[in-house]
Amino acid sequence: MKIAAIDVFQVTYSLLDQKYSWSNDLYITNIVSSIIRVSTDDGREGYGEVCPLGSAYMDAFAKGVPAAIAEFGPGLIGMDPLQLNLLNDRMNLALGGHNYAKSPIDIACWDILGQVSGLPVATLMGGRYRDGVPPYRAISQRKPEEMAQDVLKYREMGYRRFQLKVGGNANEDIERIRQCRAVLERDDILVADANTGWLPHEALRVVNGVRDIDVYIEQPCATLEECLVVRRNTSLPFILDELIRGTVPLVEAHKQGAMDVVNLKISRLGGLTKAKGVRDLCQSLGIAMTLEDSWGGDITTTAIAHFAGSTRAEHYFTATDFNSYVDIELASNAPRMKDGLLPIPSAPGLGITVHEERLGDPVLRVS
C-alpha cells in the first residue's frame, strides 16, 4: 500500500455562541479549519483535521497549512501510510517546525492504519480503556456574572468540568473565578485559564485573591520562569499548556515541579504519533493530562476521543468536544457528548464517515 494523493480542504466554521474570547483581548467569531484526506493506491482514504485558533494563538495559522503541505507533501507520495514514524521523519526532514501542518497527515494515516487492521485508533494507541470520558466546557471571557450564567447553562447540558477564560484585569478575574465557583457543586471541576495573559505580579494577586477557592490555575504567564514564580507562591493546583511543546519542555517543567497537570494539544505536538509519546511519558511520570487540540470540528473531536479513551483513567483530567461549538457537521457518526460523556468510537480507524460533499473543492492536491 502506498500514498497516492493528499487533498487539503478548508471549511469555515461559525461559532454557535457567536463569539469566543480569551486573554489579551483575542477573540474569534468564525474560524478556518483544514481537512486533509490521504488516499492510497488501493482505494483507502484517511482523514485528519487541524484548526488553528486564529492567527495569534500558537505558531499556527490557517493559510500555513496548504503552504506547508505543498512543501513536504510530494515527498510522502509513494510511502507506506502505515509506517508512521518513517512518515513523520520524512515530514521533519523536508520542513522544520510547522507541527500543526504535519498533524492532520499523521492523524489521517492512523485512520488508515485502523482501517487496515480492523481496529479503532484508541486500541492501536494502547487500549480502549472505557466507553466515554467527561469533557470540559470552555467559558468565553465576559463579565463575571455573564460567565457564571454560562456555567449554569452548560452544567444543565451535562458538563461538570469548566475552563474559565481569564488573563485580563486581575480584580475582574478574581470576581470571575468567585462567581463561577459559587454556582457549581462540590464535585465539579473549575479551571481558570489565563492563556499566558498575566504578568507575574498580576497572577500573584489573583492566586492570593482566590486562595480559599477550589480552582486550578492554568498557564498564568508566558515563560516557565514566570510561571514558577506563581507556582511557588500558591497552594492551588497548577496546569501548564502553552509551554508543553514536546518531551524536552515537559521533562524540564516536571524536574522543576512546575505543574500538577499538563494540557496536550495534538497539533502543537505534531499529530497523534508524537502526542502518544508525550502522553505515555506523562503516564510514566504520574502527570495528569488534558487531552485536546487548539480547535476543530467532528474530525478533531474524534481524534481527541481516541486519544483520551486510550489514556489511563488515573491520568485523565479532561478533554474537549469541539464539535459542540461549531455549526457545520462533517461526520454524522462523530462522537457527541451524551449524558455527560464523550463517547469513544469502536469502529475501525477513526470510526467516522466524512460527508465529502460538504468539504467543497480542495485548495491543494498533491499526487
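From a predicted model like this one, the values you see are computed outputs, not experimental measurements. Side chains included, hydrogens not; waters and symmetry mates left out as well; all remaining heavy atoms used. We number each residue from 1, following the sequence as shown.
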Show your working on salt bridge (Lys or Arg N to Asp or Glu O under 4.0 Å) between Arg37 and Asp111 and close with a plain yes or no.
CA-CA 10 Å; Arg37 180 177 65 201; Asp111 189 15; over 6 Å; no

Please check this pair: side chain of Arg178 against backbone of Pro144, looking for a donor-acceptor N/O pair closer than 3.5 Å.
no

Determine whether Ile3 and Ile77 make a side-chain contact, defined as any pair of heavy atoms from C-beta on separated by less than 4.5 Å.
yes

Do the non-hydrogen side-chain atoms of Val261 and Pro237 ever get within less than 4.5 Å of each other?
no

Interatomic distance, CZ@Arg90 vs CG@Leu95, rounded to 0.5 Å, equals 14.0 Å

Test salt bridge (Lys or Arg N to Asp or Glu O under 4.0 Å) on Lys255 and Glu252; report intermediate values, then the result.
CA-CA 5 Å; Lys255 183 172 67 175; Glu252 179 61 26; 3.3 Å; yes

For atom OH of Tyr154, is the number of surrounding heavy atoms from other residues, nucleotides or ligands below 6.0 Å larger than 12?
yes

Correct closest heavy-atom pair for Thr302 and Ala334 would be OG1-CB, 3.8 Å

Answer yes or no: is there a donor N or O on one side and an acceptor on the other, between the side chain of Lys102 and the main chain of Gly97, under 3.5 Å?
yes

Under the 3.5 angstrom rule, does the side chain of Arg160 hit a backbone N or O of Asp187 as a donor-acceptor pair?
no

Would you say Gln141's side chain and Lys165's backbone share a donor-acceptor pair under 3.5 angstrom?
yes

For Asp131, is the CG atom crowded, meaning more than 12 foreign heavy atoms sit under 6.0 Å from it?
no

Side chains of Tyr57 and Pro52 in contact at under 4.5 Å (non-hydrogen atoms):
no

Looking at Thr12, is its backbone amide N or carbonyl O close enough to the side chain of Asn30 to form a donor-acceptor pair, meaning the two atoms are under 3.5 Å apart?
no

Please report the interatomic distance NZ(Lys265) to OG(Ser103), rounded to the nearest 0.5 Å.
12.5 Å

Spatial distance of atom CD (Glu225) from atom OG1 (Thr223) [nearest 0.5 Å]:
5.0 Å

Would you call Ile35 and Tyr47 a side-chain contact if the rule is heavy atoms closer than 4.5 Å?
yes

Give a yes or no on whether the backbone of Ala62 and the side-chain of Gln10 come within a donor-acceptor separation of less than 3.5 Å.
yes

With side-chain contact (heavy atoms from CB on, under 4.5 Å) as the test, would you mind laying out the steps for Met91 and His98 before giving the verdict?
CA-CA 10 Å; Met91 289 190 285; His98 297 276; over 6 Å; no

Show, in sequence, the C-alpha distance, side-chain angles and deciding distance for Ser332 and His355, and conclude whether the side-chain contact (heavy atoms from CB on, under 4.5 Å) test is met.
CA-CA 8 Å; Ser332 56; His355 300 300; 3.5 Å; yes

Using side-chain hydrogen bond (donor to acceptor under 3.5 Å, both in side chains) as the criterion, point out the one residue from Glu242, Glu218, Gln219 that pairs with Asn195.
Glu242

Considering non-hydrogen atoms only, spot the tightest contact between Val166 and Ser23 and give its length.
O-CB, 3.6 Å

Minimum heavy-atom separation for Gly297 and Val326, please, with both atom names.
CA-CG2, 4.3 Å

From Trp295 atom CH2 to Tyr13 atom OH, the distance as rounded to the nearest 0.5 Å:
11.5 Å

How about CD on Glu71, more than 12 heavy atoms from neighbouring residues, nucleotides or ligands closer than 6.0 Å, or not?
no

Between Phe61 and Tyr100, how do the two ring planes meet: parallel, tilted or perpendicular, split at 30° and 60°?
tilted

How close do Gly46 and Gln115 get, heavy atom to heavy atom, and via which atoms?
CA-NE2, 4.3 Å

Going by atom types alone, do Asn263 and Glu292 pair a side-chain donor with an acceptor below 3.5 Å?
yes

Would you give the length of the straight line joining atom CG of Leu228 to atom CG of Leu240, rounded to the nearest 0.5 angstrom?
8.0 Å

Kindly indicate whether the side chain of Glu45, heavy atoms from C-beta on, has any atom under 4.5 Å from the side chain of Ser39.
yes

With side-chain contact (heavy atoms from CB on, under 4.5 Å) as the test, would you mind laying out the steps for Arg181 and Asp188 before giving the verdict?
CA-CA 9 Å; Arg181 184 72 250 185; Asp188 297 338; 4.0 Å; yes

On a heavy-atom basis, which atom in Lys276 and which in Leu124 lie closest, and how many Å separate them?
CE-O, 4.5 Å

Please evaluate residues Asp106 and Leu84 with respect to the criterion side-chain contact (heavy atoms from CB on, under 4.5 Å), reporting the C-alpha separation (whole Å), side-chain torsions for both, the decisive distance (0.1 Å), and the verdict.
CA-CA 7 Å; Asp106 180 76; Leu84 295 165; 4.1 Å; yes

Within the supplied structure, the quantity of interest is the number of heavy atoms (other residues, nucleotides, ligands) at a distance under 6.0 Å from Gln18 CD; does it exceed 12?
no

Judged by atom type as modelled, is there a donor-acceptor pair below 3.5 Å linking the side chain of Asn233 to the main-chain atoms of Val229?
yes

Is a donor on one side and an acceptor on the other found under 3.5 Å between the side chain of Asn169 and the backbone of Asn171?
yes

If you compare all heavy atoms of Ile69 against all heavy atoms of Ile6, which two are closest, and at what distance to 0.1 Å?
CG2-CG2, 4.1 Å

Quick check: do Phe238 and Val230 have side-chain heavy atoms less than 4.5 Å from each other?
yes

Positive for salt bridge (Lys or Arg N to Asp or Glu O under 4.0 Å) with Arg268, one of Asp293, Asp59, Asp241
Asp241

Tell me if a side-chain donor or acceptor on Ser310 pairs with a main-chain N or O of Phe307 at a distance below 3.5 Å.
yes

Apply salt bridge (Lys or Arg N to Asp or Glu O under 4.0 Å) to Lys338 and Asp321, showing your working.
CA-CA 11 Å; Lys338 182 179 181 182; Asp321 57 333; over 6 Å; no

Heavy-atom distance under 4.5 Å between the side chains of Cys282 and His315, does that happen here?
no

Would you say the ring centers of Tyr216 and Phe317 fall short of 6.0 Å from each other?
yes

Flag if over 12 foreign heavy atoms under 6.0 Å of NZ, Lys143:
no

Can you check whether Ser324 reaches Arg137 side chain to side chain, under 4.5 Å on heavy atoms?
yes

So, does Arg128 use its side chain to make a donor-acceptor pair with the main chain of Ile344 at under 3.5 Å?
yes

What's the separation between atom CG in Asp193 and atom CD1 in Ile139, rounded to the nearest 0.5 Å?
12.0 Å

